[in-house]
Amino acid sequence: MPSLEEELFPSTPGKLHRHHNLMNRHINRCFASTSTMFLWALFLIALTASYLSFQSFFPSSSYTSSYLHAGPGWERQVQASATPRRDSGLSVLVTGAAGFVGTHVSLALKKRGDGVVGLDNFNNYYDPSLKRARQIMLNEHKVFVIDGDINDVQLLARLFETVQFSHVMHLAAQAGVRYAIENPHSYVRSNLAGLVTLLEACKSMNPQPAVVWASSSSVYGLNEKVPFSESDLTDRPASLYAATKKAGEEITHTYNHIYGLSITGLRFFTVYGPWGRPDMAYFSFTKNILQGKPITVYRGKDGVDLARDFTFIEDIVKGCVASLNTAGKSTGSGGTKTGPAPYRIFNLGNTSPVTVPTLVSILERNLKVKAKIVEKEMPGNGDVPFTHANISLARTELGYKPTTDLESGLKRFVKWYMSYYGYRNHGDDPGKSER
Ligand SMILES: O=C(O)[C@H]1O[C@H](OP(=O)(O)OP(=O)(O)OC[C@H]2O[C@@H](n3ccc(=O)[nH]c3=O)[C@H](O)[C@@H]2O)[C@H](O)[C@@H](O)[C@@H]1O
């Protein structure tokens with residue numbers, strides 16, 4: 001059996017971009033002559049005009065639905081992707097499927113024979129080409145990812161009409177703690193409005209799917225009692241991001257209470273690994289260290305080191321899959337509750353916090369390059385000084401048992417990073433642009 005990274009690393013740097021090259025060759029042939037170009041231009045104008053008149057038949061919506069352009073094969077593609085290949089396999093809608101956690105969870109489910117349909121809006125919060133590369137990989141594993149937004153009511157309605165999903169794995173969100181200062185409305189749009197739109201669609205189904213979704217360790221906010229337990233108060237968020245995740249827990253509780261939706265909320269603790277998020281510290285530090293650029297290491301009050309309960313993606317995937325396996329059924333039907341449904345919340349952490357300077361020194365060792373460190377006091381922009389998960393509940397209920405420490409997890413991340421960005425040797429220029 002190939003290991004996760006053998007499956008996920010392109011054997012040749014840039015291999016995932018061969019599709020673009022093929023497409024470019026095709027485009028070059030098509031536009032070889034001026035007359036062909038003129039015909040194409042006429043065709044595109046006609047297409048745009050018919051699209052605009054087609055759009056006017058629909059109620060106005062601020063969300064464009066790429067599925068509207070899809071041909072009659074769209075339903076067939078969605079159904080094929082959603083159909084399990086094993087007896088009593090699940091049929092799962094994964095939102096945020098081209099995201100970091102979404103990609104890994106989708107692959108894990110597909111590999112064990114579940115049906116998976118992905119949904120992702122491919123926004124540009126971070127380099128969308130990384131999301132497209134993940135989509136190509138998913139496509140190669142026969143996971144169809146729809147370009148679409150969780151706020152798109154029409155798209156969700158059509159999707160739920162097309163497939164009777166047994167589960168929804170809701171991972172689409174505006175992530176990142178500190179970005180909320182810059183773009184607060186993006187958190188409201190994805191983590192609040194988008195969540196409600198999705199839950200509305202789920203509650204109207206008959207039968208309703210069970211919902212498993214990503215909350216965050218950030219809900220513990222300014223708590224000082226360690227380790228953090230699910231029963232601890234979470235009423236002192238330190239960022240708007242944390243506040244929207246906390247609100248998500250309350251919103252999902254309401255849908256559980258009123259409509260009988262089965263809900264499982266997962267509080268992820270600083271997830272890292274191959275195919276990760278470029279906005280996160282371990283990823284941006286790697287990029288800057290390799291490029292000889294300085295990195296900023298924040299320090300808490302009185303110069304204390306910040307620490308995180310960094311959790312490896314493979315452990316998180318196991319927790320997600322176990323949550324889907326154990327999620328009890330929703331009890332509502334078409335919007336009416338017929339009995340109490342399960343409402344669960346679990347910490348998915350690693351239980352061993354590591355300081356940010358230690359993270360940097362592990363990266364330095366793996367990259368064989370010394371970091372240029374600039375130390376700064378932690379700005380008051382939503383950060384918390386430390387996180388530390390108590391995972392007893394997840395261990396008991398899900399059989400969750402993280403097995404990868406930061407040292408081995410970062411080694412695997414660095415291996416992926418060097419391969420993906422085309423570094424042949426340490427210190428080389430990358431073969432692919434790092435944005
Ligand atoms: O656990 C979680 O719930 C959250 O984990 C991460 O948030 P965070 O832990 O802040 O992760 P990073 O942004 O990678 O920061 C890790 C540590 O590095 C520090 N850091 C970050 C950036 C930087 O330039 N310098 C620096 O020292 C931060 O202060 C923090 O202590 C994710 O970004 C959130 O989306 C997620 O919900």
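- Taking the side chain as every heavy atom from C-beta outward, Lys337 and Ile258 never approach each other to under 4.5 Å.
- Within the model, atoms CG of Leu363 and NZ of Lys411 stand 14.0 Å from one another, a figure rounded to the nearest 0.5 Å.
- Shortest non-hydrogen contact noted between Gly349 and Tyr400 is O-OH, 2.5 Å.
- Remark: side-chain polar atoms of Lys131 are not paired, donor with acceptor, to backbone N or O of Asn121 under 3.5 angstrom.
- Atom CG of Leu107 is separated from atom CZ of Arg134 by 11.0 Å, given to the nearest 0.5 angstrom.
- Residues in residues 200-216 take part in these salt bridge (Lys or Arg N to Asp or Glu O under 4.0 Å) pairs, two or more places apart or across chains: Glu200-Lys203.
- Legend: residues meeting side chain to side chain contact (heavy atoms under 4.5 Å, CB included) with Thr264, ordered by chain and number and at least two apart, are Val212, Leu266, Ser323, Ala327, Arg344, Phe346.
- Considering OG of Ser330 and CG of Asn256, their distance stands at 8.5 Å, rounded to 0.5 Å.
- Checking side-chain atoms of Asn139 against main-chain N and O of Gln135 turns up no donor-acceptor pair under 3.5 Å.
- Aromatic pair Tyr272/Phe413: centroids not less than 6.0 angstrom apart.
- The aromatic rings of Tyr421 and Tyr417 sit tilted, their planes meeting at an angle between 30° and 60°.
- Contact check on Asp383 versus Arg308 returns a salt bridge, with a Lys/Arg side-chain nitrogen under 4.0 Å from an Asp/Glu carboxylate oxygen.
- For the pair Gly276 and Phe283, the tightest heavy-atom approach, listed with the atom from each and the gap, is O-CE1, 3.4 Å.
- Without hydrogens or angle criteria, Thr396 side chain to Ser392 main chain gives a donor-acceptor distance under 3.5 Å.
- Here Ser166 pairs with Leu90, Ser91 under the side chain to side chain contact (heavy atoms under 4.5 Å, CB included) rule; sequence neighbours left out.
- For Ser333, there are no side-chain hydrogen bond (donor to acceptor under 3.5 Å, both in side chains) partners, not counting sequence neighbours.
- Annotation: side chain to side chain contact (heavy atoms under 4.5 Å, CB included) contacts of Arg395 (sequence neighbours excluded): Ile391.
- For the atom pair CG (Leu195) and NZ (Lys245), the distance works out to 8.0 Å, reported to the nearest 0.5 Å.
- The two atoms that bring Thr162 and Gln79 nearest to each other are O-NE2, 3.3 Å, heavy atoms only.
- In this structure a side-chain-to-backbone donor-acceptor pair under 3.5 Å is missing from Asp279 to Tyr126.
- Under the 4.5 Å side-chain criterion, counting only non-hydrogen atoms from C-beta, Leu119 is in contact with Leu155.
- With contacts defined as side-chain heavy-atom distances shorter than 4.5 Å, the pair Phe269/Asn347 qualifies.
- With Lys293 contributing its side chain and Lys287 its backbone, the two residues share no donor-acceptor pair below 3.5 Å.
- The structure places NZ of Lys368 at 11.5 Å from CG of Leu290, a figure rounded to the nearest 0.5 Å.
- With sequence neighbours left out, Asp232 forms a side-chain hydrogen bond (donor to acceptor under 3.5 Å, both in side chains) with Lys225.
- In terms of modelled atom types and a separation under 3.5 Å, the side chain of Thr252 and the main chain of Glu249 share a donor-acceptor contact.
- A heavy-atom distance below 4.5 Å is not found between the side chains of Lys318 and Pro402.
- Judged by distance alone, the side chain of His167 and the main-chain N or O of Leu324 form a donor-acceptor pair under 3.5 Å.
- In this structure, Thr326 contributes its side chain and Ala322 its backbone to a donor-acceptor pair below 3.5 Å.
- The shortest distance between side-chain heavy atoms of Ile146 and Trp74 falls below 4.5 Å.
- No salt bridge links Asp120 with Arg132; every basic N to acidic carboxylate O contact stays at or beyond 4.0 Å.
- Residue pairs meeting the side chain to side chain donor-acceptor pair (under 3.5 Å) criterion with at least one member in residues 349-359, sequence neighbours excluded, are Asn350-Ser352, Thr355-Thr358.
- For Ser284 (side chain) and Pro278 (main-chain N/O), no donor-acceptor pair under 3.5 Å exists by modelled atom type.
- Contact detail for Ala247 and Leu192: the closest heavy-atom pair is CB-CD2, 3.7 Å.
- When every heavy atom of Gly260 is checked against every heavy atom of Gln208, the shortest pair comes out as O-OE1, 3.5 Å.
- Screening residues 92-108 for salt bridge (Lys or Arg N to Asp or Glu O under 4.0 Å) gives no qualifying pairs among residues at least two apart or on separate chains.
- Between Val384 and Gly221, the closest heavy-atom pair is CG1-O, 3.3 Å.
- Side chains of Tyr187 and Asn191: a donor-acceptor N/O pair is absent below 3.5 angstrom, by distance only.
- Note that CG of Leu348 is 8.0 Å distant from OG1 of Thr311, once rounded to the nearest 0.5 Å.
- Listed by first and then second residue, the salt bridge (Lys or Arg N to Asp or Glu O under 4.0 Å) pairs involving residues 79-106 are Arg86-Asp114 (not counting sequence neighbours).
- A side-chain donor-acceptor contact under 3.5 Å links His104 to the backbone of Pro274.
- Each of Leu159, Val116, Val92 was scored for a side-chain contact (heavy atoms from CB on, under 4.5 Å) with Phe165, with one residue passing: Leu159.
- Contacts of Thr234 classified as side chain to side chain contact (heavy atoms under 4.5 Å, CB included), with partners at least two apart in sequence or in another chain: Val219, Tyr220, Lys246, Arg267.
- Remark: of the listed residues Ser106, Pro209, Cys320, Cys320 is the sole one forming a side-chain contact (heavy atoms from CB on, under 4.5 Å) with Met169.
- A salt bridge links Asp149 and Arg189; the closest N-O separation between the charged side-chain nitrogens and carboxylate oxygens is under 4.0 Å.
- Legend: salt bridge (Lys or Arg N to Asp or Glu O under 4.0 Å) pairs involving residues 159-172, not counting sequence neighbours: none detected.
- Aromatic ring orientation, His253 versus Tyr343: perpendicular (interplanar angle above 60°, classes split at 30° and 60°).
- The side-chain hydrogen bond (donor to acceptor under 3.5 Å, both in side chains) check on Tyr241 picks up nothing, with sequence neighbours excluded.
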Steps toward side chain to side chain contact (heavy atoms under 4.5 Å, CB included) verdict (Tyr259, Ser204)
CA-CA 9 Å; Tyr259 301 110; Ser204 307; over 6 Å; no
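- Two residues are said to be in side-chain contact when any heavy atoms from C-beta on lie closer than 4.5 Å; Asn151 and Thr197 meet this criterion.
- Aromatic ring centres of Phe310 and Tyr282: separated by at least 6.0 Å.
- Residues Thr270 and Asp309 form no side-chain contact, since every pair of their non-hydrogen atoms from C-beta on lies 4.5 Å or further apart.
- Between Leu130 and Trp275, some side-chain heavy-atom pair lies under the 4.5 Å cut-off.
- Counting heavy-atom neighbours within 6.0 Å of Arg76 CZ, excluding the residue itself, gives a total of 12 or less.
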